[in-house]
Colleague: 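The structure's right below; bear with me while I get my questions together.
Note that the structure is predicted; figures quoted are calculated from it, not measured.
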Amino acid sequence: MSPTQSKNSSQDLLQAQVDLWHHALGFVKSMALKCAMELQIPNIIHHNGGAMTPSELATKIGLHASKLPCLRRLMRVLTVSCIFDVQESTTTNKEAVYVLTPTTCLLISDEIKSNLSPILSLMLDSTILAPFFGMNSWFLGDHSTSLFKKAHGLTFWEMADQNDSYNQSINNAMVSDSNFLMDIIMRECGDVFVGINSLIDVAGGHGGAARAIAKAFPQMKCTVLDLPHVVAEAPTNDHVSFISGDMFKYIPPADALFLKWVFHDWGDEDCVKILKKCKEAIPPRDAGGKVIIVDMVVGSGPDEIVTRETQVFFDLFIMFLEGVEREEFEWKNIFMQAGFSEYKIISVLGVRSVIELYP
């Protein structure tokens, strides 16, 4: 073997080691983000002119002086991963200055329509992370239970039903996602709602999506259908009404149904059941009947590595409650099984898409 071949071989091995370490340490980015949110770092920087040194930040958080070097290390991870940006100070000590990025601006609590902290906090909650530590034994065991139930003894939805604060955190997460996404939907493909006189937001939680639709189309009668314990905590609204019910049993009639991030929670068999109830609730296509779905279509959207990785990461993540993200052929399969005739995918929502489904 020549010296060049030997050198290349060694470098290939070292790069392979780096790749493995980088993969194994991926959780550090998630935990750093979780810590920053819990310390309110984005809000603190935002409320202090949008730029702060480590010393200023430590003082505002209320950290002991001994933690300042550790705060710098935390912020270094978050700047290298582009959550925050860092600028060089003009002062004599040349201390770094942390500033917000477009990403961090989505974590500011003042920005009601774009604050994604509630949904990220839920995604990084210990109750959801813990099941993945037992994923290998789950694969080897009985498939009759979810990862979540294996770890906690009850399903995700049962925990929400039994724990008011947990239920509230789920609802807050869904509202934050709706507040963020619905404005974009209205800008990018709001015409999917044109001509609809009545719409039911199925499993619509506290009505974040329905309120956005009602605001954009005030002539439309918008109703939210969800389980009793969800509707019981829903805020009152003059433009949106709420109905307690189970989408597996009955969906009230309407011109159109809206289901945002619903189907990915359920396996194919349950999705077909929901879709059949949807089909019973809407008029024929020539009378304006349709189902509007907002969900992930794996492989659709921007052809970028971060999009593709996020889609497949989320597909494995949602497995904690036996959910699944689907490719187009998988969507088509459940649509046809439920008796629908045609669909249209509109891929303008990053990792997610809008699907118009016709009877």
Colleague: Answer yes or no: are there more than 12 heavy-atom neighbours, outside R308 itself, under 6.0 Å from its atom CZ?
Modeller: yes
Colleague: Can you say whether the rings of F314 and H264 are parallel (under 30°), tilted (30 to 60°) or perpendicular (over 60°)?
Modeller: parallel
Colleague: Could you tell me whether E95 and R72 make a salt bridge, using a distance below 4.0 angstrom between a side-chain N and a carboxylate O?
Modeller: yes
Colleague: Is there a side-chain contact between I83 and T101 (heavy atoms, below 4.5 Å)?
Modeller: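 SC-SC contact between I83 and T101 ruled out.
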Colleague: Run the salt bridge (Lys or Arg N to Asp or Glu O under 4.0 Å) check on E38 and K34 step by step: do they pass?
Modeller: CA-CA 6 Å; E38 292 174 346; K34 177 179 171 68; 3.0 Å; yes
Colleague: Consider only side-chain heavy atoms of I, L, V, M, F, W and Y, link residues closer than 4.5 Å, and tell whether F263 and V230 are in one cluster.
Modeller: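 No, F263 and V230 fall in different hydrophobic clusters.
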Colleague: Would you say H239 has more than 12 foreign heavy atoms packed within less than 6.0 Å of its NE2?
Modeller: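 Incorrect, the count does not exceed 12.
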Colleague: Are F217 and M186 close enough that some pair of their side-chain heavy atoms sits under 4.5 Å apart?
Modeller: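 Side chain of F217 against side chain of M186, heavy atoms only: contact under 4.5 Å found.
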Colleague: Any donor-acceptor pair under 3.5 Å linking the side-chain atoms of Q15 with those of D12?
Modeller: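 Short answer, no.
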Colleague: Can D177 and K260 be counted as an ion pair, charged N to O under 4.0 angstrom?
Modeller: yes
Colleague: Could you tell me the separation between the CH2 atom of W157 and the CG atom of L321, rounded to the nearest 0.5 Å?
Modeller: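 One gets 6.0 Å once the value is rounded to the nearest 0.5 Å.
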Colleague: Could you walk me through whether Q40 and N43 pass the side chain to side chain donor-acceptor pair (under 3.5 Å) check?
Modeller: CA-CA 5 Å; Q40 297 294 312; N43 288 317; 2.6 Å; yes
Colleague: Between K150 and S137, is the side chain to side chain donor-acceptor pair (under 3.5 Å) condition met? List the steps.
Modeller: CA-CA 10 Å; K150 185 178 185 297; S137 60; 3.0 Å; yes
Colleague: Of the non-hydrogen atoms in A209 and S178, which two are nearest, and what is the gap between them?
Modeller: N-CB, 3.6 Å
Colleague: Within the structure provided, determine whether P118 and N115 are in side-chain contact (heavy-atom separation under 4.5 Å).
Modeller: yes
Colleague: What heavy-atom pair brings C271 and I334 nearest, and what distance separates the two atoms?
Modeller: CB-CD1, 3.9 Å
Colleague: By the salt bridge (Lys or Arg N to Asp or Glu O under 4.0 Å) test, which pairs, at least two apart or in different chains, include something from residues 43-71?
Modeller: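 Residue pairs with at least one partner in residues 43-71: there are none.
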Colleague: CG/D125 to CD1/I170 distance, rounded to the nearest 0.5 angstrom?
Modeller: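 If I round to the nearest 0.5 Å, the distance is 9.0 Å.
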Colleague: Kindly determine whether D110 and H47 satisfy side chain to side chain donor-acceptor pair (under 3.5 Å), including the steps that lead there.
Modeller: CA-CA 10 Å; D110 290 354; H47 289 296; 3.0 Å; yes
Colleague: Is there a side-chain contact between D201 and C222 in this structure, where contact means two heavy atoms from C-beta onward sitting under 4.5 Å apart?
Modeller: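 D201 vs C222: side chains apart.
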Colleague: Side chains of Q168 and D164: is there a donor and an acceptor less than 3.5 Å apart?
Modeller: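 Checked: Q168/D164 side chains show no N/O donor-acceptor pair below 3.5 Å.
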Colleague: Look only at the side chain of E327 and the backbone of V297, and say whether a donor-acceptor pair between them is shorter than 3.5 Å.
Modeller: no
Colleague: So do L225 and I251 actually touch side chain to side chain, heavy atoms under 4.5 Å?
Modeller: yes
Colleague: I want to know whether Y343 and F335 have ring centres closer than 6.0 Å.
Modeller: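 Yes; F335 has its ring centre under 6.0 Å from that of Y343.
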Colleague: Can you establish whether the number of heavy atoms outside E233 located under 6.0 Å from its atom CD is more than 12?
Modeller: no
Colleague: Using a 3.5 Å distance criterion without hydrogens, assess whether the side chain of Q311 forms a donor-acceptor pair with backbone atoms of S300.
Modeller: yes
Colleague: How are the rings of F148 and Y166 set relative to one another: parallel (under 30°), tilted (30 to 60°) or perpendicular (over 60°)?
Modeller: tilted
Colleague: Just to verify, which of D315, D295, N333, D268 counts as forming a side chain to side chain donor-acceptor pair (under 3.5 Å) with R326?
Modeller: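 Exactly one option meets the side chain to side chain donor-acceptor pair (under 3.5 Å) with R326, and it is D268.
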Colleague: Quick check: do M52 and Y98 have side-chain heavy atoms less than 4.5 Å from each other?
Modeller: no
Colleague: For a quick test of reading the model, state the closest non-hydrogen atom pair linking V99 to A51 and the distance between them.
Modeller: CG1-CB, 3.6 Å
Colleague: List the atom of A160, the atom of N167, and the distance in Å for their closest heavy-atom pair.
Modeller: O-CB, 3.1 Å
Colleague: Under a 3.5 Å distance rule, please check whether N237 uses its side chain to pair with a backbone N or O of V240 as donor and acceptor.
Modeller: yes
Colleague: For residues V175 and N172, determine if any side-chain heavy atom of one lies less than 4.5 Å from a side-chain heavy atom of the other.
Modeller: no
Colleague: Decide, yes or no, whether a salt bridge links E342 with R285 under the criterion of side-chain N to carboxylate O below 4.0 Å.
Modeller: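 Salt bridge flag = yes for R285 with E342.
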Colleague: Can you confirm whether I243 sits close enough to V224 that some side-chain heavy atom of one is under 4.5 Å from a side-chain heavy atom of the other?
Modeller: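 Sidechains of V224 and I243: no contact.
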Colleague: Hey, can you tell me if F258 and F193 have their rings parallel, tilted or perpendicular (30° and 60° cut-offs)?
Modeller: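 Tilted, since the angle between the ring planes falls between 30° and 60°.
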Colleague: Would the number of heavy atoms belonging to other residues, nucleotides or ligands and lying under 6.0 Å from CD of E269 be above 12?
Modeller: no
Colleague: Grab the two heavy atoms, one from K279 and one from A338, that are nearest each other, plus how far apart they are.
Modeller: CD-O, 3.5 Å
Colleague: Where is the tightest heavy-atom contact between I200 and P252, given as atom of each residue plus distance?
Modeller: CD1-O, 3.2 Å
Colleague: State yes or no: are the ring centers of F156 and F320 separated by less than 6.0 Å?
Modeller: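 Aromatic pair counts; centres sit under 6.0 Å.
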Colleague: Does any N or O in the side chain of E356 come within less than 3.5 Å of the main-chain N or O of I292, such that one atom is a donor and the other an acceptor?
Modeller: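 Side chain of E356 to backbone of I292, a donor-acceptor pair under 3.5 Å: no, none is there.
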Colleague: Answer with yes or no whether the side chains of S353 and S347 bring together a donor and an acceptor at under 3.5 Å.
Modeller: yes
Colleague: Is it true that D255 and K221 have a side-chain N and a carboxylate O under 4.0 angstrom from each other?
Modeller: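 No.
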